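The block underneath contains the structure these notes are about, expressed in structure tokens.
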Amino acid sequence: MARGQIKTVDVAALGNLCVDVVLTVPSLPPAALDERKAYMERLSASPPDKKNLEAGGNCNLAIAASRLGLRCVALGHVGNEIYGHFLLDVLQEEGIVMIKMDEDAEVANRSSCETLLCWVLVDPMQKHGFCSRADFNEEPAFSWMSKLSDQVHTAIKQSKILFCNGHLFDELSPGLITYALEYAKDVGTTIFFDPGPRGESLLHGTPEQQKAIKLFLKMSDVLLLTADEAEAVTGLANPILAGQDLIRKGVRMKWVIIKVGSKGSILITASTSSCAPSFKVNVVDTVGCGDSFAAAVALSFLHDVSPVATLALANAVGAATAMGYGAGRNVANLNKVLELLTVSNLNEDDKLWNELVDMNSDATEVSLLSNTVIDGCNARLTMVPMQKVISELLPKLETLMDIRAVPT
């Protein structure tokens, strides 16, 4: 942390503020780019009903984090139209401060200033497709933005965590993104990065994109990926080995967290690996689950939660979001998270975790959350009982909510 700097904000979410238009459709959009564009143009020919609007993108992370008791700000651009006003209202209702990135920008093309819309399309099989104008632009949606506002500089300096994801590259130039990353580093702000599905394409993108994402992989403090994304970045199929590789190559890397789909998640540090199975829930919709998961990781990082307990909390928050339809205001609330933790219905699969450990040539001990054991070891797996994790988490969550309830 920069000397003498008081950080009063827990998480600042950079960019990727959009409005989701959630629609049920008979079939998902075609794969071909020109056909997808025509499909989206047909959808957008008529203004959507307000009942189909929801906050999306990094708003999911900010809302989930705020509901867990963290103080959050959203840094980005919204237009002066119905969608921008909707998004600002939602953020305000959730206790999230919105800070505009473009206080003095002059823009010739008015349409490029409009709030980003993402069409979230759900077919009869509950599969999802996504369309936005950013999919069809060669330049980032807000390429006219050349600098950060003074307020954004102040917000980054006052924040403990700056959260970025790969969709940021759809909005801002790689040069401006790199500047924000370097500035956060200089003022002692922890950097979280989730490359998401854009990660692999950015690694093979323009020279500027490649430089920027490689800087993120090198300079981030916490990296969040799916197992497929980790393999794409490292070439290693085993998520534990992939995480260890990313830790070694990172200059500041403290945690690498890899999500293994419905199986659970893994947290790798320089000296340990921890695993936690997912919770058994009735999955309604997976949109926003990864963002909710990341919010819980941010809470844990800031409040010295142990690695296994971090994964348990993150899995619970992601699972609670999956039990509802859509993201935004439908992401997890604390009561549902506490219920999942207390019931502790884990999707235990010792075969999977033992296979991952057996493939790991590193002699590092691996911890595994379990609902059926007391503290103990099983070969190279150290079992951590769920009850121990609950005893660690509940007092921290209760304290956070008590602090959050006090007016400032």
Side-chain angles (χ1 to χ4, degrees), residues 10-11 64-65 68-70 160-161 163 190 192 220-225 239-240 243-244 246-247 250 252-260 263-279 292-320 332 334 337-338 340-348 350 353 356-357 360 362-403:
D10 292 311
V11 181
L68 290 173
L70 299 182
K160 298 170 187 174
I161 291 173
F163 181 87
T190 295
F192 273 50
S220 294
D221 298 271
V222 176
L223 196 59
L224 301 106
L225 316 92
I240 295 178
Q244 291 169 346
L246 289 165
I247 285 281
R252 294 156 46 104
M253 199 78 69
K254 300 172 181 66
W255 287 1
V256 172
I257 298 180
I258 299 178
K259 295 164 281 185
V260 195
K263 299 295 185 181
S265 54
I266 303 169
L267 191 158
I268 299 100
T269 71
S271 58
T272 65
S273 297
S274 303
C275 308
S278 61
F279 290 85
S292 303
F293 181 100
V297 174
L299 182 153
S300 297
F301 187 87
L302 292 176
H303 293 276
D304 298 319
V305 176
S306 68
V308 171
T310 293
L311 295 177
L313 177 61
N315 288 349
V317 176
L334 187 58
V337 172
L338 292 174
L340 288 177
L341 288 170
T342 303
V343 173
S344 305
N345 190 10
L346 296 178
N347 183 25
E348 299 194 74
D350 290 347
W353 306 113
L356 290 178
V357 171
N360 175 18
D362 193 308
T364 303
E365 186 178 86
V366 179
S367 299
L368 174 64
L369 177 67
S370 177
N371 210 23
T372 59
V373 299
I374 59 173
D375 282 305
C377 295
N378 173 18
R380 286 172 58 197
L381 278 173
T382 299
M383 302 297 187
V384 180
M386 186 68 191
Q387 192 55 50
K388 181 178 180 180
V389 164
I390 293 173
S391 298
E392 177 185 354
L393 287 174
L394 291 187
K396 291 181 182 289
L397 292 174
E398 290 168 358
T399 299
L400 265 176
M401 294 314 297
D402 288 343
I403 294 172

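One is the number of the first residue; the rest follow in order along the sequence. Being a predicted model, the structure only gives us computed values, none of them experimental.
Residues L394 and L338 are in side-chain contact: their nearest non-hydrogen atoms beyond the backbone lie under 4.5 Å apart. Using a 4.5 Å cut-off on side-chain heavy atoms (C-beta onward), Q244 and S273 make contact.
For K263, the salt bridge (Lys or Arg N to Asp or Glu O under 4.0 Å) test picks out D349, with sequence neighbours left out. Taking the side-chain contact (heavy atoms from CB on, under 4.5 Å) definition, one finds that P277 meets it with L346, E348, W353, L368, L369, sequence neighbours left out. Under the rule for a side chain to side chain donor-acceptor pair (under 3.5 Å), T342 has no partner lying at least two apart in sequence or in another chain. Legend: residues meeting side chain to side chain donor-acceptor pair (under 3.5 Å) with E392, ordered by chain and number and at least two apart, are S306. Considering only residues two or more places apart in sequence or on other chains, T190 meets the side chain to side chain donor-acceptor pair (under 3.5 Å) condition with none of them.
K254 contributes a side-chain N or O that, together with a main-chain N or O of R252, makes up a donor-acceptor pair within less than 3.5 Å.
The distance from atom NZ of K396 to atom CG of L302, rounded to the nearest 0.5 Å, is 11.0 Å. Rounding to the nearest 0.5 Å places CD1 of I258 at 6.5 Å from CG of L246.
Minimum interatomic distance between I266 and C275 (heavy atoms only, all atoms of both residues): CG1-SG, 4.1 Å. Considering all non-hydrogen atoms of both residues, A309 and L393 come closest at O-CD1, 3.8 Å. Between L223 and M253, the shortest heavy-atom contact is CB-SD, 3.8 Å.
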Report all side-chain donor-acceptor pairs from residues 292-301 shorter than 3.5 Å, counting only partners two or more places apart or in another chain.
unit_1, atom_1, unit_2, atom_2, d
S292, OG, G288, O, 2.9
S292, OG, T321, OG1, 2.8
S300, OG, A296, O, 3.1

